[in-house]
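To start, the structure under review is shown below, and the notes come after it.
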Amino acid sequence: MDNRFKANLVAGRRCPGLWLSLCSPTVAEIAAHSGADWILLDMEHAPNDLSMIADQLRAATGGAAEPVVRPPYSEPVMTKRLLDIGARTLMFPMIQTAEMAAEAVSWTRYPPKGIRGHSGTIRANGFGRNLGYLSTYEAELCVIVQVETLAAIDEIPAIAAVEGVDAIFIGPGDLASSMGHVGDVGHADVQAQIRRAVAAVHAAGKPVGILGYGETAARRYHDEGIEFVAIAGDTWLLARSMDQMLRAVKD
């Protein structure tokens, strides 16, 4: 399997990743060669458009990290276009039910398994040069769905059972908001629900991921059995490093 990230998830290995929001091919290239197992190219909360994502996918080529693309919204048209430009690991935001998960999977497959539209000359198939693409693309696809509310956590057994769902990612920020604790991911009640979600995903036999910036949070989540953790973000690292350097110099 060329998608090593998917293979590592299947094997239950720890996969630290980096969350990228700066819309920069240079940052994507640096991150892809950092030793991370995956990098998240965000379109939901970052001003990335399709051409920017294409440039970042090109920049990440040759690195060990698998680019994971999160579309701005879970819908079929952007999904089709992202797959066509070469994204093969997608993270769908705000999936609430098994029906929504099944729809998301259907957008990633050609008929009769899904509704993905076909074009013969796209970046994903080497602009028509990869004649075996139609018989191999599905094995390389990795579909991750996000659960981000209490209602979605209740639906994890059904969501995880959907054929084609490879992993589930817990969105801690929106989960906290849905519980009335906006901005307080560390609240005891929120952490308890995260643990409940992790247990439900693992009981269903699927790997689980989460966003946990910083060494302390990342280690704790990994130690709790979460397979893939976003350990830092490009904007977070830059802001912290700049602030720390300036404080050190000024002091």
Side-chain angles (χ1 to χ4, degrees), residues 1-9 13-74 77-93 108 122-127 130 133 137 140-146 166-167 169 171 173 207 209-215 217-218 221-222 227-243 245:
M1 182 184 294
D2 289 337
N3 191 335
R4 287 176 292 180
F5 174 59
K6 180 178 179 179
N8 285 336
L9 290 182
R13 299 189 180 98
R14 289 186 176 187
C15 296
L18 298 170
W19 202 273
L20 307 186
S21 304
L22 286 173
C23 313
S24 166
T26 300
V27 172
E29 184 175 16
I30 292 169
H33 292 267
S34 67
D37 288 284
W38 57 287
I39 55 174
L40 190 288
L41 309 179
D42 195 15
M43 300 180 78
E44 184 184 13
H45 290 294
N48 272 309
D49 63 28
L50 195 67
S51 63
M52 291 175 178
I53 294 295
D55 287 340
Q56 289 168 73
L57 291 173
R58 292 186 184 97
T61 301
E66 172 72 14
V68 181
V69 183
R70 180 168 71 167
Y73 180 72
S74 293
V77 176
M78 182 59 75
T79 300
K80 172 180 60 181
R81 300 186 76 187
L82 288 170
L83 292 169
D84 283 355
I85 64 172
R88 60 184 183 179
T89 302
L90 299 176
M91 181 183 292
F92 291 100
T108 69
I122 52 177
R123 182 174 182 268
N125 68 8
F127 302 101
N130 180 2
Y133 177 74
Y137 82 96
E140 303 304 325
L141 285 176
C142 184
V143 173
I144 304 167
V145 298
Q146 285 191 255
D166 296 293
F169 190 90
I210 198 167
L211 190 148
Y213 284 0
E215 182 178 352
Y221 282 137
H222 272 315
E227 285 84 0
F228 61 114
V229 178
I231 66 171
D234 52 1
T235 52
W236 182 82
L237 284 169
L238 188 61
R240 284 170 61 88
S241 296
M242 285 182 172
D243 292 355
M245 178 64 73

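This one's a predicted model, so the numbers in the text were calculated from it and none came from an experiment. Values below: every heavy atom of this structure, side chains too, minus hydrogens, waters and symmetry copies.
Remark: Pro207 engages Leu9, Ala167, Glu227 in a side-chain contact (heavy atoms from CB on, under 4.5 Å) (not counting sequence neighbours). By the side-chain contact (heavy atoms from CB on, under 4.5 Å) test, Thr61 is found to be paired with Arg123, residues two or more places apart in sequence or in another chain being considered. Looking at residues two or more places apart in sequence or on another chain, you find no ring pair (Phe, Tyr, Trp, His ring centres under 6.0 Å) involving Tyr221. Not a single salt bridge (charged side-chain N to carboxylate O under 4.0 Å, His left out) links Arg13 to another residue, sequence neighbours left out. In this view, Pro47 and Cys23 satisfy the side-chain contact (heavy atoms from CB on, under 4.5 Å) rule, not counting sequence neighbours. Scanning for side-chain hydrogen bond (donor to acceptor under 3.5 Å, both in side chains) contacts around Arg240 gives an empty result, with sequence neighbours left out. Legend: residues meeting ring pair (Phe, Tyr, Trp, His ring centres under 6.0 Å) with Tyr213, ordered by chain and number and at least two apart, are Trp236. With sequence neighbours excluded, no residue satisfies side-chain hydrogen bond (donor to acceptor under 3.5 Å, both in side chains) with Tyr73. Residues passing the salt bridge (charged side-chain N to carboxylate O under 4.0 Å, His left out) test with Asp234: none are found, sequence neighbours excluded.
Taking CG from Leu237 and CD1 from Ile231, the interatomic distance works out to 8.0 Å, rounded to the nearest 0.5 Å. Taking CD of Glu44 as the start and OG of Ser74 as the end, the distance is 8.0 Å to the nearest 0.5 Å. Expressed to the nearest 0.5 Å, how far NE2 of His222 lies from SG of Cys15 amounts to 7.5 Å. A distance of 9.0 Å separates CD of Gln146 from CG of Leu211, quoted to the nearest 0.5 Å.
Nearest approach of Ala36 to Ala31, heavy atoms of both residues: CB-O, 4.3 Å. Here the closest non-hydrogen pair linking Thr108 and Tyr137 is O-CE1, 3.5 Å. Considering every non-hydrogen atom in both Ala65 and Ile39, the closest pair reads CB-CG2, 3.9 Å.
For the pair Phe5 and Val68, the minimum side-chain heavy-atom distance is below 4.5 Å. Contact of the Leu82 side chain with the Leu50 side chain is registered, since non-hydrogen atoms from C-beta on lie closer than 4.5 Å. In this structure the side chain of Leu20 never reaches within 4.5 angstrom of the side chain of Leu40, judged on heavy atoms. Two residues are said to be in side-chain contact when any heavy atoms from C-beta on lie closer than 4.5 Å; Leu83 and Leu90 meet this criterion. Residues Thr79 and Phe92 meet the side-chain proximity criterion, which asks for heavy atoms closer than 4.5 Å.
Applying the side chain to side chain donor-acceptor pair (under 3.5 Å) test to every pair with at least one member in residues 81-92, sequence neighbours left out, gives these pairs: Asn3-Thr89, Glu66-Arg88, Glu66-Thr89, Asp84-Arg116. Applying the side chain to side chain donor-acceptor pair (under 3.5 Å) definition to pairs two or more places apart or across chains, those involving residues 28-43 are Asp42-Arg70.
The backbone N or O of Leu141 sits less than 3.5 Å from a side-chain atom of Lys6, completing a donor-acceptor pair.
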Please report, to 0.1 Å, the donor-acceptor pairs under 3.5 Å made by any side chain of residues 51-59, with sequence neighbours excluded.
residue, atom, partner, partner atom, Å
Ser51, OG, Asp49, OD1, 2.9
Asp55, OD1, Arg58, NH1, 3.0
Gln56, NE2, Asn48, OD1, 2.8
Gln56, NE2, Met52, O, 3.1

Would Thr235 and Leu22 satisfy side chain to side chain contact (heavy atoms under 4.5 Å, CB included), going step by step from the backbone distance to the final call? CA-CA 7 Å; Thr235 52; Leu22 286 173; 3.5 Å; yes
